[in-house]
Amino acid sequence: MLFKNVSIAGLAHIDAPHTLTSAEINARLQPTLDRLGIKTDVLNDVAGVHARRLWDADVQASDAATLAARKALEDAGIGADKVGLVVNTSVSRDYLEPSTASIVCGNLGVGDHCQTFDVANACLAFINGMDIAARMLERDEIDYALVVDGETANLVYEKTIERLNAPDVTEQQFRDELAALTLGCGAVAMVLTRRALAPEAPRYKGGVTRSATEWNKLCRGNLDRMVTDTRMLLIEGMKLATKTFAAAKVALGWAVDELDQFVIHQVSRPHTQAFVKSFGIDPKKVMTIFTEHGNIGPASVPIVLSKLKELGKLKKGDRIALLGIGSGLNCTMAEVEW
């Protein structure tokens with residue numbers, strides 16, 4: 001999946017407005033923590049997630065994705081009528097049907113020529129959406145594509161805390177569901193286009209993908225519950241990431257010291273430290289947001305890229321590695337040249 005003629009014409013994110021701290025969660029779970037004799041502050045001290053953001057209670061995934069989409073279209077300087085493809089990539093969704101993408105498109109008022117659909121692949125879906133769009137752009141099938149993601153975690157917090165406060169919950173059940181309390185809300189959107197239409201814009205060069213689907217049981221979730229084997233997910237995830245990184249070095253000519261930024265999927269402190277140590281990455285080249293925003297699923301990689309852009313930390317010619325991984329297990333490592 002290597003592309004020569006794909007540019008990033010627009011990129012924008014939306015931070016959810018309300019902050020929920022790990023201290024507040026721990027206080028609500030204190031009766032269970034005391035009963036089970038759990039003294040370790042897993043959320044703060046182990047995962048390194050001190051807070052996460054939540055939407056207002058009535059915000060749907062499509063609402064959040066629409067906000068980010070409008071901002072990205074404005075950044076690209078085009079109207080919704082120019083878009084030939086909309087791909088929604090969020091884990092969160094309004095309904096099983098219709099697609100969340102179709103609701104976003106209805107909100108935006110795209111033309112009847114626009115293809116629209118959802119892509120689901122856990123935390124890897126946004127990069128998958130970029131690849132699907134890039135293939136169509138590379139073949140001159142469309143002029144502009146819009147990839148969107150709106151993640152809502154409000155329901156999973158409400159239900160998980162309720163379950164973990166049950167008087168008969170076991171320590172194993174508690175640990176199995178604790179990772180759900182590291183999730184966060186947010187939204188992001190990216191406008192991709194043919195390079196001829198935005199020759200000076202950042203270039204999406206594509207990347208490589210590897211899978212280890214024999215480990216598909218390590219993290220399973222729905223809208224109100226997520227059960228995770230965090231230890232094995234980290235171990236097997238890093239094995240897959242190492243294999244993918246080796247492939248990216250060959251396909252993309254990566255040398256760690258020559259890359260200017262590493263945008264790593266935001267899971268936790270142990271996950272980030274494992275990536276940095278395994279690949280010999282300079283920690284100064286890794287921007288993290290999980291400490292205050294939690295794990296925003298597939299939105300986390302593009303949100304970090306958007307924040308780097310917003311903060312003025314990217315300059316012309318910078319090579320940016322996107323390191324995405326999702327339960328399943330699937331991993332993609334890709335490059336953006338700013």
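For the residue pair D34 / Q30, a side-chain donor-acceptor distance below 3.5 Å is found, with atom types taken as modelled. Side-chain polar atoms of S92 and E151 form a donor-acceptor pair below 3.5 angstrom. Under 3.5 Å, the side chains of T32 and N165 contain a donor-acceptor pair of N or O atoms.
The shortest non-hydrogen separation linking A64 to W55 is CB-CZ2, 3.4 Å. The two residues V208 and A251 make their nearest non-hydrogen contact at CG1-CB, 3.5 Å. Taking each heavy atom of A189 and A72 in turn, the nearest pair found is O-CB, 3.6 Å. Smallest separation of non-hydrogen atoms from A134 and V6: O-CG2, 3.7 Å. When all heavy atoms of F126 and P298 are compared, the closest pair comes out as CB-O, 3.3 Å. The two residues A65 and A187 make their nearest non-hydrogen contact at N-CB, 4.3 Å.
In K82, the NZ atom is not crowded: 12 or fewer heavy atoms of neighbouring residues, nucleotides or ligands sit closer than 6.0 Å. Within 6.0 Å of NZ in K285 there are more than 12 heavy atoms belonging to other residues, nucleotides or ligands. The local environment of NZ in K309 is crowded, with over 12 non-hydrogen atoms from other residues, nucleotides or ligands closer than 6.0 Å. Taking a 6.0 Å sphere around CZ of R35, one finds it holds more than 12 heavy atoms contributed by other residues, nucleotides or ligands. In this structure, E74 places its CD atom where only 12 or fewer heavy-atom neighbours from other residues, nucleotides or ligands lie under 6.0 Å away. Annotation for R28: atom CZ does not count as buried by contact number, only 12 or fewer foreign heavy atoms lying within 6.0 Å.
The closest side-chain heavy-atom distance from K313 to L308 is below 4.5 Å. Using a 4.5 Å cut-off on side-chain heavy atoms (C-beta onward), I142 and L137 make contact. No side-chain heavy atom of H13 sits under 4.5 Å from any side-chain heavy atom of P302. Residues S268 and T182 are not in side-chain contact: their nearest non-hydrogen atoms beyond the backbone lie 4.5 Å or more apart. Annotation: side chain of T152 is not in contact with side chain of L223 (no heavy-atom distance under 4.5 Å). Taking 4.5 Å as the limit, every side-chain heavy atom of R269 sits out of range of all side-chain heavy atoms of V46. Side-chain contact between N121 and T89 is absent, with no heavy-atom pair separated by less than 4.5 Å. The closest side-chain heavy-atom distance from R203 to K4 is below 4.5 Å.
Side-chain N or O atoms of N330 include none that pairs as donor or acceptor with a backbone N or O of T213 at under 3.5 Å. R195 places a side-chain N or O within 3.5 Å of a backbone atom of A201 that can act as its donor or acceptor partner. In this structure a side-chain-to-backbone donor-acceptor pair under 3.5 Å is missing from T193 to Y144. Using modelled atom types, no side-chain atom of T160 and backbone atom of A180 make a donor-acceptor pair closer than 3.5 Å. Between the N107 side chain and the T66 main chain, no donor and acceptor come within less than 3.5 Å of each other.
Within the structure, salt bridge (Lys or Arg N to Asp or Glu O under 4.0 Å) contacts touching residues 36-64 (residues at least two apart or in different chains) do not occur. Sorted by first and then second residue, the salt bridge (Lys or Arg N to Asp or Glu O under 4.0 Å) pairs involving residues 161-172 (not counting sequence neighbours) are R163-E177, E171-R175.
To the nearest 0.5 Å, atoms CG (L29) and CG (L36) are separated by 10.0 Å. Summarising the geometry, atom CD1 belonging to I320 is positioned 4.5 Å from atom CG belonging to L314; distances are rounded to the nearest 0.5 Å. Distance check, rounded to the nearest 0.5 Å: OG of S327 to CG of L124 gives 10.0 Å. Note that OG1 of T170 is 10.0 Å distant from CG of L164, once rounded to the nearest 0.5 Å. One distance of note links CD1 of I235 with CZ of R231; it measures 4.0 Å at 0.5 Å rounding. Distance check: E335 CD to L323 CG gives 11.0 Å after rounding to the nearest 0.5 Å.
In this structure, E138 does not pair ionically with R135, as no charged nitrogen and carboxylate oxygen lie closer than 4.0 Å.
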Run the side-chain donor-acceptor check on residues 255-265: report pairs under 3.5 Å with partners two or more places apart or on a different chain.
unit_1: D260; atom_1: OD2; unit_2: R319; atom_2: N; d: 2.8
unit_1: H265; atom_1: ND1; unit_2: S300; atom_2: OG; d: 2.6

All N/O donor-acceptor pairs, side-chain side in residues 287-295, below 3.5 Å, sequence neighbours left out:
unit_1: N295; atom_1: OD1; unit_2: G297; atom_2: N; d: 2.9

Show every donor-acceptor pair shorter than 3.5 Å between a side-chain atom in residues 97-106 and any protein atom, with sequence neighbours excluded, or say none if there are none.
unit_1: S99; atom_1: OG; unit_2: S102; atom_2: N; d: 3.0
unit_1: S99; atom_1: OG; unit_2: S102; atom_2: OG; d: 3.4
unit_1: S102; atom_1: OG; unit_2: S99; atom_2: O; d: 2.6

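Residues that satisfy the salt bridge (Lys or Arg N to Asp or Glu O under 4.0 Å) test with D318, not counting sequence neighbours, are K315. In terms of the salt bridge (Lys or Arg N to Asp or Glu O under 4.0 Å) criterion, residue partners of E200 (sequence neighbours excluded) are, by chain and number, K316. Residues passing the ring pair (Phe, Tyr, Trp, His ring centres under 6.0 Å) test with F174, sequence neighbours excluded: none. Partners of W215 under the ring pair (Phe, Tyr, Trp, His ring centres under 6.0 Å) rule, at least two apart in sequence or in another chain, do not exist in this structure. With sequence neighbours excluded, no residue satisfies salt bridge (Lys or Arg N to Asp or Glu O under 4.0 Å) with K243. By the ring pair (Phe, Tyr, Trp, His ring centres under 6.0 Å) test, F275 pairs with H271, F279, sequence neighbours left out. Evaluation of the ring pair (Phe, Tyr, Trp, His ring centres under 6.0 Å) rule for Y204 yields F3 as partners, not counting sequence neighbours.
In the hydrophobic clustering of ILVMFWY residues, with side-chain heavy atoms under 4.5 Å counting as a link, L252 and I281 come out together. Side-chain heavy atoms closer than 4.5 Å link hydrophobic residues (I, L, V, M, F, W, Y) into clusters, and following such links, even through other members, never connects I303 to V49. Linking ILVMFWY residues whenever their side-chain heavy atoms come closer than 4.5 Å, directly or via other members, places L54 and I161 in the same cluster.
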Pair V301-V188, side-chain contact (heavy atoms from CB on, under 4.5 Å): steps then yes or no: CA-CA 10 Å; V301 165; V188 66; over 6 Å; no
Residues L108, R70; criterion side-chain contact (heavy atoms from CB on, under 4.5 Å); working and verdict: CA-CA 7 Å; L108 295 174; R70 287 183 173 135; 3.5 Å; yes
Between L197 and S7, does the side-chain contact (heavy atoms from CB on, under 4.5 Å) criterion hold? Intermediate values first, please. CA-CA 8 Å; L197 297 176; S7 293; over 6 Å; no
V147/L192 under side-chain contact (heavy atoms from CB on, under 4.5 Å): CA gap, chis, key distance, verdict: CA-CA 8 Å; V147 184; L192 295 159; 4.2 Å; yes
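With N26 as the fixed residue, the side-chain contact (heavy atoms from CB on, under 4.5 Å) test singles out one of I38, L43, L181: L43.
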